[in-house]
Number of protein chains: 2
Amino acid sequence: MAEALEGRRSTRRTATLASLAAELGVSRTTVSNAYNRPDQLSPALRRRVLDTARRLGYPGPDPVARSLRTRKAGAVGLLLTEALSYAFRDPVAIQFLEGLALACEDNGSGLLLVPVSPEAEDVGAVARAGVDGFVVYSMPDDDEHFAAVLERPVPVVVCDQPTDVPDVDRVGIDDQAAMVELAEHLAALGHRRVGVLCMRLSTDRNDGFASVGRQDSARYEVQRRRLAGLRDGFTAAGVDWSTVPVVERFDHTEAAGGSAFDQLVERNPEVTAVVCTSDILGLGALRAARAAGRDVPGDLTITGFDGVPAAERAGLTTVRQPSLDKGRAAGELLLDRGDRQRSRTLLLPTELMVRATSGPPPSR
Amino acid sequence: MAEALEGRRSTRRTATLASLAAELGVSRTTVSNAYNRPDQLSPALRRRVLDTARRLGYPGPDPVARSLRTRKAGAVGLLLTEALSYAFRDPVAIQFLEGLALACEDNGSGLLLVPVSPEAEDVGAVARAGVDGFVVYSMPDDDEHFAAVLERPVPVVVCDQPTDVPDVDRVGIDDQAAMVELAEHLAALGHRRVGVLCMRLSTDRNDGFASVGRQDSARYEVQRRRLAGLRDGFTAAGVDWSTVPVVERFDHTEAAGGSAFDQLVERNPEVTAVVCTSDILGLGALRAARAAGRDVPGDLTITGFDGVPAAERAGLTTVRQPSLDKGRAAGELLLDRGDRQRSRTLLLPTELMVRATSGPPPSR
DNA sequence: ATGAAAGCGCTAACAG
DNA sequence: CTGTTAGCGCTTTCAT
């Protein structure tokens with residue numbers, strides 16, 4: 001880890017609080033107070049301490065030693081589904097991060113992005129993170145990094161998934177209800193032959209059609225519940241869910257959405273509505289549909305999920321979820337925890353955004 | 001900082017390495033080895049140690065204590081111009097972050113976002129960050145947080161600005177040369193009456209026209225050099241730079257770009273080209289121009305700087321800079337430093353992207 | 001393969 | 001307002 005950080009600067013052998021105290025002929029407490037409790041010594045002495053510190057090149061109390069002593073790291077750890085850098089490519093994750101950063105900022109806490117390679121056996125990164133608590137963003141069930149987080153004796157807040165972890169706060173949305181609402185919207189428009197594009201349902205790659213069994217046993221609870229919502233909504237409208245094609249993609253990109261769309265309509269050209277479980281997928285599908293000469297929404301309806309800015313620009317009908325608020329709430333739940341004993345779950349509202357990509361199925 | 005992180009989980013009084021050793025009747029060394037040097041004890045003993053640890057709820061060696069002892073935090077600190085959350089709103093910063101995250105990931109290092117409020121007197125956050133080094137992203141000259149970073153006895157890598165800091169590595173681009181090239185492009189098209197929209201030149205808000213004096217004394221070196229490049233390029237084409245209107249905006253948003261555009265053309269309706277020192281500003285200007293009924297590029301040329309995806313979609317002529325590579329390079333410079341003694345400056349290439357918003361000035 | 005000794009650098013009572 | 005006393009929890013030579 002970070003070996004070789006031995007530049008010129010770090011070489012400069014630094015004075016310590018003790019050596020500074022010795023030089024000044026005062027106790028370590030006094031020096032410590034000069035930094036941490038200015039009111040505990042005379043301004044004159046404090047000046048003298050600080051001046052001498054500067055002269056000796058003493059950089060102030062070592063943060064790690066202080067953390068050890070105070071048992072506070074002053075930082076929140078963030079654990080993400082994907083490789084660290086993924087967080088900066090997904091607009092929903094970015095919004096979440098912004099909200100979380102806001103909460104940390106308000107609290108004066110740092111935000112430590114924990115380096116977990118998705119494939120890494122090495123759970124060590126979690127164990128080595130010097131943090132006062134963890135925010136866990138959308139992890140699959142039975143993830144080993146998440147398990148490692150749970151080992152740590154610090155508070156944990158989960159965003160979205162997994163749910164139902166004892167002693168862990170959670171912030172999320174009602175994915176299932178939101179999808180029921182969307183299904184009802186489409187059913188009301190008259191759609192009965194629908195297809196679905198969804199994100200990965202498991203940690204192993206399976207780009208293709210997902211059976212009902214696979215849907216029900218998905219390791220990603222959010223996807224599981226969104227699909228369940230669609231099933232409920234369309235079943236209520238008389239659709240036999242077992243006939244509804246669901247195409248899964250491991251990668252969460254517009255390109256993946258596009259290829260999933262192509263795969264779907266090739267096998268099921270009869271569908272009049274393509275429901276996507278994310279905006280990214282939906283945007284990709286939209287582009288692929290138009291590239292294939294389909295008229296959306298005249299000829300085909302396409303919907304997304306999330307409510308990212310790009311979806312708004314594209315006029316994509318979708319379900320808006322408050323990603324930024326989720327991040328902020330997660331941070332606040334972690335940081336502002338009073339003396340409350342019971343773990344809390346915060347469900348934020350979603351909103352169906354009917355825009356320009358949904359309409360009645362083509363007559364005939 | 002992060003007070004009140006006293007949830008149920010953290011309450012669970014945890015065993016320590018010492019107590020575990022006592023329970024097992026072995027030395028602390030052995031327990032430590034069980035975690036850090038598996039080859040130093042018999043597999044059987046190790047098993048026993050780990051099993052007992054689990055039984056006692058020992059979460060493994062405390063990361064902070066370990067960091068103190070090993071003098072390694074396993075994390076890189078990141079200092080940003082703006083409030084922490086700003087990083088997630090600016091596409092260029094996001095790209096930089098992604099690159100930096102990639103480098104950290106490769107190294108197994110965490111990435112600690114240091115919470116600095118822009119106005120905060122409190123430089124403490126920097127002093128309190130337990131990190132092995134800092135990456136500093138685009139700070140104004142004479143920033144106090146940056147000064148605090150320099151106090152710390154750890155290596156530092158600056159991205160973009162400030163330049164010329166002793167003993168500090170830097171990664172950036174040649175902003176001035178890039179702008180000379182852009183100016184030459186516009187001059188070659190025939191533009192002589194140009195206007196400029198730029199980002200903040202100082203930490204105090206000054207939304208309006210910026211005098212040459214203000215341009216030259218800008219505290220943000222990147223802006224200073226971009227303006228200098230434009231001056232050089234246009235001066236060479238026979239333009240009297242002192243007559244070129246430069247409109248400054250404190251906020252870096254499309255809305256700011258739009259209002260700056262309006263302000264510019266109201267006073268200088270004669271300009272045939274509006275050069276913006278960022279894509280965000282350029283995109284805002286483009287929108288405002290079209291809203292005002294101007295034909296771009298038929299009637300007016302507009303350019304940006306950075307090469308963000310949105311600029312590509314909009315067909316904005318711009319200078320592309322490798323933001324992601326800058327982030328990765330900054331991380332690598334910090335993390336992979338061999339035994340090199342001298343500080344390094346890495347200048348990455350830029351590329352003029354002539355697209356659909358630049359053309360010759362209207363005849364007549 | 002295991003243990004004893006020696007801190008890493010700091011802060012927090014508490015007593016003066 | 002200042003100092004004394006005790007560690008925080010761990011790793012690491014160096015012996016054995």
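In what follows, every chain begins at residue 1, and chains take the letters A, B, ... in the order their sequences are listed. All figures in this text were calculated on a predicted structure; none of them were measured in a lab.
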statement: In whole angstroms, the gap separating P of dC10(C) from CG of L20(A) amounts to 9 Å

message: Whether the N33(B) and R46(B) side chains hold a donor-acceptor pair (N or O, under 3.5 Å, no angle test) is what I'd like checked.
response: no

- prompt: Expressed in angstrom and rounded to an integer, what is the separation of L68(B) atom CG from dA6(C) atom C1'?
  reply: 13 Å

message: Under 4.0 Å from OP1 or OP2 of dT11(C): is there any side-chain N or O of R66(A) that close?
response: yes

- prompt: Mind checking whether F88(A) and F88(B) have parallel, tilted or perpendicular rings, split at 30° and 60°?
  reply: parallel

message: Taking the basic N atoms (NZ, or NE/NH1/NH2) and the acidic carboxylate oxygens, is any pair closer than 4.0 Å for D51(A) and R47(A)?
response: yes

task: Working to the nearest 0.5 Å, report the span between CD of E98(A) and CD1 of I94(B).
output: 8.5 Å

task: Report which part of the nucleic acid V26(A) touches: base, sugar-phosphate, or nothing (heavy-atom distance under 4.0 Å, all strands).
output: sugar-phosphate

Candidates dG9(D), dG3(C), dG9(C) - which lies nearest the side chain of A65(A): dG9(C)

- prompt: L17(A) has an atom CG; how far is it from atom P of dG7(C), in whole Å?
  reply: 18 Å

field: DNA chain C contacts made by residues 38-49 of chain A, counting heavy atoms under 4.0 Å
entry: none

- request: May I ask you to evaluate whether T16(B) reaches the phosphate of dG9(D), defined as a side-chain N or O under 4.0 Å from OP1 or OP2?
  value: no

statement: Taken to the nearest whole Å, CG/D62(B) to P/dG7(D) is 18 Å

N107(B) CG to L102(B) CG distance, which is reported to the nearest 0.5 Å: 12.5 Å

field: Salt-bridge criterion met for D62(A) and R71(B) (N-O under 4.0 Å)
entry: yes

Would you mind writing out the side-chain donor-acceptor pairs for residues 18-29 of chain B within the sub-3.5 Å range, not counting sequence neighbours?
from   : atom 1 : to     : atom 2 : distance (Å)
S19(B) : OG     : T16(B) : N      : 3.0
S19(B) : OG     : T16(B) : O      : 2.9
S27(B) : OG     : T29(B) : N      : 3.3
S27(B) : OG     : T30(B) : N      : 3.3
S27(B) : OG     : T30(B) : OG1    : 3.4

- line: Testing dG9(C), dT11(C), dC10(D) for proximity to the side chain of Y58(B), the answer is dC10(D)

field: Cationic N near anionic O, under 4.0 Å, D160(A) to K326(A)
entry: yes

- prompt: R170(A) and T163(A): side-chain donor and acceptor closer than 3.5 Å?
  reply: no

Below 3.5 Å between N/O atoms, which protein atoms pair up with nucleotides 12-16 of chain D? Just atom names and distances, please.
from    : atom 1 : to     : atom 2 : distance (Å)
dT12(D) : O4     : T29(B) : OG1    : 3.0

